[in-house]
Amino acid sequence: MNRFIIYFFILSFFGGYTIKSQDVKSARKTIEILCSPEFHGRGYVMQGDSIAAMYLLKQLKKYKLKSFGNTYVQDYAFPVNTFPEKTSVVLNNTDTLIPGYDYLIPASSGTISGIFPVIEMNANLLDHPEKLNKITNRSIAQSFILIDTLGMKNKGFKDAYQDIIRYNLLGAKGIIQIEYKNLMYVPAPFDQGFPMVKISRQILPDSIYSININVKNKFIPEYHTRNLIAYIPGQIDSFLVFSAHYDHLGEMGEGVYFPGANDNGSGVAMVLALAKHFAKLRKKPKYSIAFMLFSGEEMGLLGSSYYTEHPLFPLSKIKFLVNLDVIGSGEKGIKVVNGTVYKAQFDTLLAINKKKRYLPSVNIRGPAANSDHYPFYEKGVPSFFIYTLGDYSEYHNIFDKADAVPLTEFEDLFRLLLDFVHSF
Ligand SMILES: [Zn+2]
């Protein structure tokens with residue numbers, strides 16, 4: 001029997017997660033807490049990010065980690081557009097859509113309330129632009145427009161139609177955007193000045209003639225948030241750093257929140273597990289080890305960018321940084337961003353993994369500006385960004401929940417990272 005068959009045999013025999021060690025158990029608990037409704041998606045409605053920060057602060061204190069100066073907290077601010085109040089969308093007076101499942105309000109949307117006619121532009125119309133001329137500017141100004149490019153023959157115009165939607169070039173009352181794949185929320189730092197709703201193509205009725213929509217945005221020019229930084233002093237005054245972002249997308253209207261279990265409850269749970277592990281050691285580690293939990297990642301790496309502009313100790317003292325983001329699966333191994341740049345360290349990871357047989361594979365990737373390692377990398381800090389590969393696909397939606405994320409290779413990755421620390 002190969003070891004996977006044995007593994008599944010044991011797993012089904014004992015059932016569920018009972019054979020996993022304490023580390024995975026407490027990681028799951030951390031993720032459950034971070035993803036609970038009380039944390040409001042760790043974003044910018046109901047102070048979700050602050051609630052998460054308070055909880056994390058408590059953990060850092062509990063582990064008795066050291067702070068740079070007299071606090072773990074680094075404050076900063078950025079602009080953000082939010083939807084604190086309930087949103088609603090009804091099509092054709094009868095089809096009540098469910099927020100998060102059937103529709104999303106794109107994060108830069110403005111405010112609107114009322115019933116409006118819908119001008120539907122489908123393949124029939126889009127392939128014959130001369131027909132479009134018959135629609136008057138006046139009727140467009142009073143209506144929501146919907147452009148459905150599905151089945152369109154004249155592909156050359158597709159991009160132009162995308163721009164009409166994105167920038168409301170026709171000056172419509174509002175925009176209905178069609179999502180052909182999975183609904184995905186991305187936060188925005190501005191109010192675009194007109195309302196927009198993104199509806200899943202799957203639930204679109206054959207024809208739409210009206211929309212009853214209520215959306216109220218609240219633009220916050222200076223939203224105050226914080227990074228958390230702690231460390232364990234080592235024998236030498238040079239640092240290994242583990243980082244993860246704890247923010248997520250927050251709420252889209254009261255009660256509709258994005259849990260962010262994989263993104264990035266998983267990475268935060270790993271950083272806390274590592275902090276707890278190193279804090280318990282009697283002997284000082286060789287290198288000092290810093291733990292950084294950033295906010296503002298989903299807004300565009302804002303927390304880590306702020307930190308690298310205002311570091312609490314010289315960036316040149318960072319021997320190596322490992323950023324962890326989206327590490328909740330792993331049955332297909334891990335990807336190591338910057339592996340091609342820091343080839344020696346990548347080879348070390350590879351060698352450890354080969355010897356100890358932790359993960360199914362350790363895969364190399366070049367630089368990418370896709371998580372919080374990047375502002376460090378740009379400033380010359382040797383760094384990796386590690387994420388897991390697997391079948392789990394919930395991303396930036398309401399389904400990325402604590403009980404859904406598998407944590408398949410969490411424990412193996414934990415051990416790989418411990419061994420990696422010892423390799424320095
Ligand atoms: Zn993330």
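Throughout, numbering of the chain's residues begins at 1 and tracks the sequence.
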Report task. Please answer whether the main-chain N or O of Y306 pairs with a side-chain N or O of Q74 as donor and acceptor at a distance below 3.5 Å. Result -> no
Requested in this report: For D400 and Y392, test the side chains for any donor-to-acceptor distance below 3.5 angstrom and give the result as yes or no.
Outcome: yes
Query raised in the report: Within the side chain of Y72, is there an N or O that forms a donor-acceptor pair under 3.5 Å with the backbone of L65?
Result: yes
**Report entry** Side chain proximity check, L349 to F384, heavy atoms < 4.5 angstrom
**Finding:** yes
Report summary line: Looking only at heavy atoms, the pair that brings R166 and F194 closest together is O-CZ, 3.5 Å
Query raised in the report: Going by atom types alone, do T87 and Y103 pair a side-chain donor with an acceptor below 3.5 Å?
Result: yes
Query raised in the report: Distance-only, no hydrogens or angles: does the R42 side chain make a donor-acceptor pair with backbone N or O of S50 under 3.5 Å?
Result: no
Query raised in the report: Can you check whether V336 reaches Y342 side chain to side chain, under 4.5 Å on heavy atoms?
Result: no
Query raised in the report: Is a donor on one side and an acceptor on the other found under 3.5 Å between the side chain of N262 and the backbone of V405?
Result: no
Query - For L104, the option from I199, N397, L183 that meets side-chain contact (heavy atoms from CB on, under 4.5 Å) - result: L183
Query raised in the report: Run the salt bridge (Lys or Arg N to Asp or Glu O under 4.0 Å) check on K332 and E409 step by step: do they pass?
Result: CA-CA 9 Å; K332 290 177 182 160; E409 289 290 337; over 6 Å; no
**Report entry** Partner of H373 by ring pair (Phe, Tyr, Trp, His ring centres under 6.0 Å), out of F385, F320, F242
**Finding:** F385
Query - Donor + acceptor pair across side chains of N154, H128 (<3.5 Å) - result: no
Query raised in the report: Can F420 and F346 be said to form a ring pair (Phe, Tyr, Trp, His ring centres under 6.0 Å), step by step?
Result: CA-CA 10 Å; F420 188 58; F346 177 80; 9.9 Å; no
Query raised in the report: Does some side-chain heavy atom of I175 sit less than 4.5 Å from a side-chain heavy atom of I145?
Result: yes
Query - Heavy-atom side-chain proximity of N214 to S113 below 4.5 angstrom - result: yes
Query raised in the report: Given D247 and Y44, is the side chain to side chain contact (heavy atoms under 4.5 Å, CB included) satisfied, shown in steps?
Result: CA-CA 9 Å; D247 64 299; Y44 319 104; 3.8 Å; yes
Query raised in the report: Between L312 and Y231, is a side chain to side chain contact (heavy atoms under 4.5 Å, CB included) present by the stated rule, with each step listed?
Result: CA-CA 11 Å; L312 302 185; Y231 77 103; over 6 Å; no
**Report entry** Note, S139 side chain near I119 side chain (heavy atom, < 4.5 Å)
**Finding:** yes
Requested in this report: State whether the side chain of N363 and the backbone N or O of I334 hold a donor-acceptor pair below 3.5 Å, judged by distance alone.
Outcome: yes
Query raised in the report: Is the CE atom of M46 crowded by more than 12 outside heavy atoms at less than 6.0 Å?
Result: no
Query raised in the report: Do you know the tightest heavy-atom contact between H40 and V45?
Result: CB-O, 3.8 Å
Requested in this report: Answer yes or no: is there a side-chain heavy-atom contact under 4.5 Å between L417 and L324?
Outcome: yes
Query raised in the report: Would you find a donor on one side and an acceptor on the other, under 3.5 Å apart, between the side chain of E297 and the backbone of D372?
Result: no
**Report entry** I105 side, atom CD1; K198 side, atom NZ - distance, nearest 0.5 Å
**Finding:** 11.0 Å
Report task. State the CD1-CG distance between I208 and D148, to the nearest 0.5 angstrom. Result -> 8.5 Å
Query - Within 6.0 Å of OH in Y209, more than 12 heavy atoms from elsewhere - result: yes
Report task. Check whether any side-chain N or O of N338 sits under 3.5 Å from a backbone N or O of S383 as a donor-acceptor pair, and report yes or no. Result -> yes
Query raised in the report: Do you see a donor-acceptor pair shorter than 3.5 Å between the side chains of N92 and T94?
Result: no
**Report entry** Over all atoms of both residues, closest heavy-atom pair of L34 and F39
**Finding:** O-CB, 3.4 Å
**Report entry** A244 to V268 - nearest heavy-atom pair and separation
**Finding:** CB-N, 3.8 Å
Requested in this report: May I ask you to say whether R226 pairs ionically with D75, meaning some side-chain N is under 4.0 Å from a carboxylate O?
Outcome: yes
Requested in this report: Report the C-alpha distance between R357 and D412 in whole Å, list the side-chain angles of each, state the deciding distance to 0.1 Å, and finish with yes or no for salt bridge (Lys or Arg N to Asp or Glu O under 4.0 Å).
Outcome: CA-CA 9 Å; R357 297 191 189 178; D412 280 334; over 6 Å; no
**Report entry** Atom pair CG/CD1 of L350 and I364 - distance to nearest 0.5 Å
**Finding:** 8.0 Å
Query raised in the report: What's the spacing between R365 CZ and Y387 OH if we round to 0.5 Å?
Result: 4.0 Å
**Report entry** E130 atom CD: more than 12 heavy-atom contacts under 6.0 Å
**Finding:** yes
**Report entry** Non-hydrogen atoms of I147 and I178 that approach each other most closely
**Finding:** O-CG1, 3.7 Å
Query raised in the report: Under 3.5 Å, is there a donor-acceptor pair between the N217 and S109 side chains?
Result: no
Requested in this report: Assess whether atom CG of N182 is packed by more than 12 heavy atoms of other residues, nucleotides or ligands within 6.0 Å.
Outcome: no
Requested in this report: Using a cut-off of 6.0 Å, state whether more than 12 heavy atoms not belonging to K29 lie near its atom NZ.
Outcome: no
Query raised in the report: With distance as the sole test, does T71 use its side chain to make a donor-acceptor pair with the main-chain N or O of V73 at under 3.5 Å?
Result: yes
**Report entry** F68 atom CZ, over 12 foreign heavy atoms within 6.0 Å
**Finding:** yes
Query - Point-to-point distance, once rounded to the nearest 0.5 Å, from CG of D163 to CG of N168 - result: 12.0 Å
Report task. Apply side chain to side chain contact (heavy atoms under 4.5 Å, CB included) to the pair L321 and Y377, showing each step before the final yes or no. Result -> CA-CA 9 Å; L321 177 144; Y377 168 65; over 6 Å; no
Requested in this report: Could you check if a side-chain atom of F78 sits within less than 4.5 angstrom of a side-chain atom of I220, using non-hydrogen atoms only?
Outcome: no
Requested in this report: Apply the test side chain to side chain contact (heavy atoms under 4.5 Å, CB included) to residues I98 and I203: give CA-CA distance (whole Å), side-chain angles for both, the deciding distance (0.1 Å), then the verdict.
Outcome: CA-CA 10 Å; I98 306 169; I203 61 105; over 6 Å; no
**Report entry** E251 backbone acceptor or donor facing Y185 side chain under 3.5 Å
**Finding:** no
Query raised in the report: What pair of heavy atoms forms the shortest contact from F294 to S243, and how long is it?
Result: CE1-CB, 3.6 Å
Report task. Please confirm whether the backbone N or O of S295 pairs with a side-chain atom of N227, one donor and one acceptor, at under 3.5 Å? Result -> yes
Query - Check: D49/Y223 side-chain N/O donor and acceptor closer than 3.5 Å - result: yes
**Report entry** More than 12 heavy atoms of other groups within 6.0 Å of M184 CE
**Finding:** yes
**Report entry** Stepwise side chain to side chain donor-acceptor pair (under 3.5 Å) check, T149 with Y180
**Finding:** CA-CA 10 Å; T149 55; Y180 299 92; 3.3 Å; yes
Query raised in the report: Got a second to check how far L359's CG is from I352's CD1, nearest 0.5 Å?
Result: 11.0 Å
Report task. Check the surroundings of atom NZ in K173: do more than 12 heavy atoms from other residues, nucleotides or ligands lie under 6.0 Å from it? Result -> no
Requested in this report: Compare all side-chain heavy atoms of S304 with those of F376 and state whether any distance is below 4.5 angstrom.
Outcome: yes
Query - Presence of salt bridge, R415 and E411, under 4.0 angstrom - result: yes
